[in-house]
There are 2 protein chains.
Amino acid sequence: MTTEVPASRSTPAGTPTLETVAALAGVSRSTVSRVINDSPKVTPEALAAVNKAIEELGYVPNRAARSLASRRTQAIALVIPENTARFFADPYFASVIQGAALRLAATDYTLTLLIASETDPEKSRRYLQSGNVDGALILSHHSDDRSYVALSRTLPVVFGGRPERHDDGPEPVYVDVDNTAAARDVVSLLVASGRRHIATIAGPTDMTAGLDRLEGWQSAMSDAGLPSHLVEHGDFTPASGAAAMERLLARGEPIDGLFAASAQMADGALSVLRQRGLVVPRDLGVVTFDDDYFAARATPPLTTVNQDEGEVGRTMAELLMRSIEGEDVPRVTIMPTRLINRRSQ
Amino acid sequence: MTTEVPASRSTPAGTPTLETVAALAGVSRSTVSRVINDSPKVTPEALAAVNKAIEELGYVPNRAARSLASRRTQAIALVIPENTARFFADPYFASVIQGAALRLAATDYTLTLLIASETDPEKSRRYLQSGNVDGALILSHHSDDRSYVALSRTLPVVFGGRPERHDDGPEPVYVDVDNTAAARDVVSLLVASGRRHIATIAGPTDMTAGLDRLEGWQSAMSDAGLPSHLVEHGDFTPASGAAAMERLLARGEPIDGLFAASAQMADGALSVLRQRGLVVPRDLGVVTFDDDYFAARATPPLTTVNQDEGEVGRTMAELLMRSIEGEDVPRVTIMPTRLINRRSQ
DNA sequence: CTGAAAGCGCTAACAG
DNA sequence: CTGTTAGCGCTTTCAG
């Protein structure tokens, strides 16, 4: 009647295709395509007819075909480090991912989990470069993974946390909080409580969050005219926090204050202190970073820095999508933090 | 010379396509395709030539085109519940995911993170049904999500943990441990220590792991001729464990033993006990399930049930891939558990 | 605003 | 074993 479908036995009864919809709606495939991609130039009538047909047939566009024709994959990679279990177990990352995933769930983008193999970093790079995804969200970027920063040159990429810049590398887009300032502020609370022998369990030296928080601690110490040699490093896990605390105590120097760069490490440290019969905040004040379960439910609950991790993830997704769309996005987005005073200092 | 490429200005210099490779190798596109899909029927010479060309060009097959033509997506969905943050923060799930992800990383499959919206479960179902993925890995399946079990009828699906069967539903494929037996065994340790007033903080009633562990506790109790009315439920999170512990204590009955159905809940419970000045195991014995950080680093470290979560994930991935390949796979795979006695009972 | 035509890059019979 | 021939289902100029 309208379009002479030429004995097209191509789609007899299988899943409906764009063509099936077109036939039912009495329009051409192009029009259906326009509706799907909500092009503005479609008459209300056509639009209604098509939508009705789509509804009736329960039509869902085929991703592969779409992606092949449009040269966009509608997929975003979530690049996370190899030790996924440890990574996920950190409430910080879990929340960031949730934020990003929920934002993306409201769109047509798909989130592809990409484990960055440390033994074969080339593999991920190849995957990302080969048009498998439209962009990438990169979390917990060790500063020696320069290749990821370089990636920004050929693929829209957004980092969670400031990646380390490398001389000739491009300016990466990232979302972060002001770790240095927040750490300085929370340590100042310790100082204000009269603590004078303040140690820190710092994060890993190959992550900017760790370095920045350490810098914040140092800055607060020097502002107060206090020495800053009581430093031990952990890797943000509770176990590493416990080990660091033991090393700190083993030094035999007086300690009356502690800043752990993550609540998980603080938790590990507390278990050691408890074992030694040391009571917080009576014997020493403890403050930390991240307002998660570990900080809130510690014995005692800890004074800490709160940040909205979900919002970080949401923002990362948002920036990436805009960047994919060709928009110019800000290189740096700093999210706010808040001091949570639980009197553990 | 060999194949008269008809002025094909289709791929001038962009990313190399199968055709570019064919031309360079002096064979037809079919042969290149065969090599890519390592078909056995290719002469060593052709194979060498093609591989050389691929290497030289840095050719990477286009996923979308491949998927469109072959009607396979090479993608696997990882379906997880909406509250991703809480979910990830559970070391159990984090490890299972890591196991599955690492197994899949060694293959051509891609892992797509699918957040199962609880408000709109249809959305995930539609996505899964619409040929976006070749199969699905489903974690933490609440027993009322019948739709996922029904999915098994049309898509290869593997569950992590036994899903609740529904009358007319298909027999789902799943990987799990014997929660009931393991729980019974660990509770028996409590009984053997002379505990007589043993309470339990059970898991949620809509997850089989919770129900099975509760059943194990009950079974151990009745075997010992002890009453089993001291039950409070949590949702596997530390906070819920703390709340349940408080409810338990509020009952005012004597309690000299506790079985928390997850180490995270045990951790929450311990923080409450500590607050009340109760000492473990002096005042009461505590045992739990899962040998993660929470159990190992608790004060005191807890007697618990160990299972290899990574292996669970690996097995799930394995089964799913075989199932996608059309192979018949066992409906039920029970992984071993091990009792870890840390003398906290 | 809409339809027709021409592919996107690859796989899959089917002959040879 | 290899090449030829058709599409997979959708987007996208380009006319109209």
Side-chain angles (χ1 to χ4, degrees), chain A residues 1-12 14-23 25-50 54 57 59-74 108 130-132, chain B residues 1-12 14-23 25-50 54 57 59-74 108 130-132:
Chain A
M1 205 167 296
T2 33
T3 317
E4 183 70 42
V5 179
S8 162
R9 32 162 251 70
S10 47
T11 315
T15 33
T17 75
L18 196 153
E19 176 144 6
T20 330
V21 178
V27 299
S28 76
R29 301 186 313 179
S30 318
T31 301
V32 178
S33 174
R34 291 195 184 94
V35 171
I36 293 172
N37 299 291
D38 37 50
S39 146
K41 19 180 88 177
V42 180
T43 44
E45 296 81 65
L47 193 143
V50 171
I54 288 182
L57 293 135
Y59 167 75
V60 178
N62 177 308
R63 255 192 136 67
R66 216 172 172 183
S67 151
L68 178 57
S70 66
R71 305 157 142 299
R72 306 177 75 228
T73 64
Q74 291 290 95
D108 260 345
S130 304
N132 287 300
Chain B
M1 203 167 291
T2 35
T3 317
E4 183 69 43
V5 178
S8 162
R9 32 162 252 69
S10 46
T11 314
T15 35
T17 74
L18 197 154
E19 177 144 6
T20 329
V21 177
V27 299
S28 76
R29 300 186 314 178
S30 319
T31 301
V32 178
S33 175
R34 290 195 185 95
V35 171
I36 292 171
N37 299 291
D38 38 49
S39 145
K41 19 179 89 178
V42 178
T43 44
E45 296 82 66
L47 192 141
V50 171
I54 289 182
L57 271 50
Y59 167 75
V60 178
N62 178 307
R63 256 191 134 67
R66 218 172 171 183
S67 150
L68 178 57
S70 66
R71 307 161 142 297
R72 306 178 75 228
T73 64
Q74 291 290 94
D108 259 345
S130 303
N132 287 302

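A note on names: the letters A, B, ... follow the listed sequences, proteins ahead of strands, and every chain is numbered from 1.
Residue A:Y59 places its side chain closer to D:dC10 than to any other of C:dC10, D:dC10, D:dT4. Closest contact between the side chain of B:R29 and the listed nucleotides D:dT4, C:dG3, D:dA6 involves D:dA6.
Taking atom CD1 of residue B:I36 and atom P of nucleotide C:dA12, one finds them 12 Å apart after rounding to whole Å. Atom NZ of A:K41 and atom C1' of C:dG3 are 14 Å apart (whole Å). Rounded to an integer number of Å, the gap from B:Q74 CD to D:dC8 P is 21 Å. In this entry the distance linking CG of A:L57 with P of D:dG9 reads 14 Å, nearest Å. One interatomic measurement links the two molecules: CG of B:N37 to P of D:dC1, which rounds to 16 Å at whole-angstrom precision.
Contact between the side-chain N/O atoms of A:T17 and the OP1/OP2 oxygens of D:dC8 is not found at any separation under 4.0 Å.
Contact annotation: the side chain of B:T73 never approaches that of B:N132 to less than 4.5 Å [non-hydrogen atoms, C-beta and beyond]. When side chains are defined from C-beta on, A:P44 does not count as touching A:L47, because their heavy atoms never get closer than 4.5 Å.
At the heavy-atom level, A:S33 lies under 4.0 Å from base atoms of the strands shown. A:V42 comes within contact range of the sugar-phosphate backbone alone, with a heavy-atom separation under 4.0 Å but no base atom that close.
Counting all heavy atoms, side chain and backbone alike, A:S39 lies closest to A:V42 at O-CG2, 3.9 Å. A:A22 approaches A:V32 most closely through the heavy-atom pair CA-CG2, 3.6 Å. The shortest heavy-atom contact between B:Y59 and B:L18 is CE1-N, 3.5 Å. When all heavy atoms are compared, the tightest approach of B:L68 to A:A64 is N-CB, 3.8 Å.
Partners of B:R71 according to the salt bridge (charged side-chain N to carboxylate O under 4.0 Å, His left out) rule, which considers only residues two or more places apart in sequence or in another chain, do not exist here. Contacts of B:R29 classified as salt bridge (charged side-chain N to carboxylate O under 4.0 Å, His left out), with partners at least two apart in sequence or in another chain: B:E19.
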What pairs of nitrogen or oxygen atoms, one from the protein and one from nucleotides 13-16 of chain D, lie under 3.5 Å apart?
none

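Each side chain to side chain donor-acceptor pair (under 3.5 Å) pair with one or both residues in residues 61-70 of chain A, not counting sequence neighbours, appears once here: A:N37-A:R66, A:R63-A:T110.
Interface residues of residues 60-72 of chain A facing DNA chain C, ordered by number: A:L68, A:A69, A:R71; criterion, heavy-atom separation under 4.0 Å.
Axis deviation across the helix from C:dC1-D:dG16 to C:dG16-D:dC1 amounts to 30°, comparing end segments of five pairs, rounded to 10 degrees.
In the model, A:S33 has no side-chain atom that pairs as donor or acceptor with a side-chain atom of A:S30 under 3.5 Å.
Going from atom OG1 of B:T17 over to atom CG of B:L57 covers 9.0 Å, rounded to the nearest 0.5 Å.
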